[in-house]
Structure formats: structure tokens, C-alpha cells
Amino acid sequence: QEQLVEFGGGSVQAGGSLRLSCGASGFTFNLYCLGWYRQRPGKERERVISIERGGDTTYADSVKGRFTGSVEYAKNLWYLEMNSLKPDDTAMYYCAADSRRCGLVKDFTFWGQGTQVTVSS
């Protein structure tokens, strides 16, 4: 069974930075579309970033210029670097993966349990 686990959530001050990590068991990231989602209080879950197997990356408008996704395939790790954090970034963040091309994915097949990020003003 494919499993995903997130690490790195926590509480930070506005303007600070945080790095989230995602590791997998049962499959290797090089064959998958990878994503980061978040669910803010009172709002629906939204896609923050996704990366195709070939490296093409797509960001939500709300995080462009502040968040960066990257993959270390040798370590089978998927990262979300978050900079210039705002209180509105407070959310539960989820790692996701799918064997299809990102352009074909509406709902990811595999999900992590989530990690909480809290940004105070």
C-alpha cells in the first residue's frame, strides 16, 4: 500500500519561513505527479503546487513568488519551501501523489495525513 508522510509543520511569526517535507513508502516519486494542498479554516481544500514527472511546476496565484516546490529523487523526498509567510497561510498542509500526469489529475489518488502550519501576526 502506498503511503505518504509530511514533516515540518509548526508555528511561526508573519514574515518567517518554514520548510515542509514529504516522504513515501511503497513507490518512488520519479514516476508520479506530486502536489501540496492546504485547507484553511472555514475554506475548501486547495491546490498550492504540483509538479509533473518531467519537472513542469504549477503554483497557485496566492503563493507565487513566496513558495517553492522541489524534489530530491535520490532521497525520495518532496519539499515545500514557504517564505514571507502571512497569517492567511495558516492551514493544514497535505502532500499528495498520483501516477497520472498532473494535467489529468482533479483528485489525487494518494494523500498524507497532513501537518499544521500556524502563522501569527
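Note that the coordinates shown come from a computational prediction; the quantities given were computed from them, not determined experimentally.
- Residues Leu34 and Val105 do not share a hydrophobic cluster, clusters being chains of Ile/Leu/Val/Met/Phe/Trp/Tyr side chains in contact below 4.5 Å.
- Among all heavy-atom pairs drawn from Trp78 and Cys95, the shortest one is CD1-SG, 3.6 Å.
- Here Asn76 contributes atom CG and Phe29 contributes atom CZ; the two are 5.0 Å apart, rounded to the nearest 0.5 Å.
- The structure places OG of Ser50 at 13.5 Å from CH2 of Trp36, a figure rounded to the nearest 0.5 Å.
- Annotation: side chain of Thr115 is in contact with side chain of Leu20 (closest heavy-atom distance under 4.5 Å).
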Apply the test side-chain hydrogen bond (donor to acceptor under 3.5 Å, both in side chains) to residues Tyr79 and Glu72: give CA-CA distance (whole Å), side-chain angles for both, the deciding distance (0.1 Å), then the verdict.
CA-CA 8 Å; Tyr79 302 106; Glu72 288 191 59; 2.8 Å; yes
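- The minimum heavy-atom distance linking Cys102 with Glu52 is given by the pair N-OE1, 2.8 Å.
- Arg53 has its side chain out of reach of Val71: every pair of non-hydrogen atoms, C-beta onward, lies at least 4.5 Å apart.
- In this structure, Phe67 is not a member of the same hydrophobic cluster as Met92, with clusters built from ILVMFWY side-chain heavy atoms closer than 4.5 Å.
- The backbone N or O of Gly55 sits less than 3.5 Å from a side-chain atom of Thr57, completing a donor-acceptor pair.
- Residues Ile49 and Leu18 share a single hydrophobic cluster, defined by chaining ILVMFWY side chains whose heavy atoms lie under 4.5 Å apart.
- Comment: Asp89 does not engage Arg40 in a salt bridge, judged by the lack of any side-chain N to carboxylate O separation of less than 4.0 angstrom.
- Arg38 has its side chain out of reach of Tyr94: every pair of non-hydrogen atoms, C-beta onward, lies at least 4.5 Å apart.
- Once rounded to the nearest 0.5 Å, the distance linking CG of Asp98 with CG of Leu31 reads 12.5 Å.
- Between Asp88 and Lys86 there is no salt bridge, since none of the side-chain N atoms of the basic residue sits less than 4.0 Å from a carboxylate O of the acidic one.
- The side-chain heavy atoms of Gln3 and Phe110, taken from C-beta on, include no pair separated by under 4.5 Å.
- Taking 4.5 Å as the limit, every side-chain heavy atom of Leu80 sits out of range of all side-chain heavy atoms of Arg19.
- Taking the six-membered ring for Trp and thresholds of 30 and 60 degrees, Tyr32 and Phe27 have ring planes inclined between 30 and 60 degrees apart.
- Of all heavy-atom pairs spanning Arg100 and Thr109, the tightest one is NH2-OG1, 4.0 Å.
- Note that CZ of Arg66 and CD of Glu81 are 13.5 Å apart. Values are rounded to the nearest 0.5 Å.
- Between Gln116 and Thr90 there is a side-chain heavy-atom pair separated by less than 4.5 Å.
- A distance of 6.5 Å separates CG in Leu85 from OG in Ser17, rounded to the nearest 0.5 Å.
- The distance from atom CD of Glu6 to atom CH2 of Trp111, rounded to the nearest 0.5 Å, is 9.5 Å.
- Using the six-membered ring where Trp is involved, Phe108 and Tyr37 have ring planes that are perpendicular, over 60° apart on the 30 and 60° scheme.
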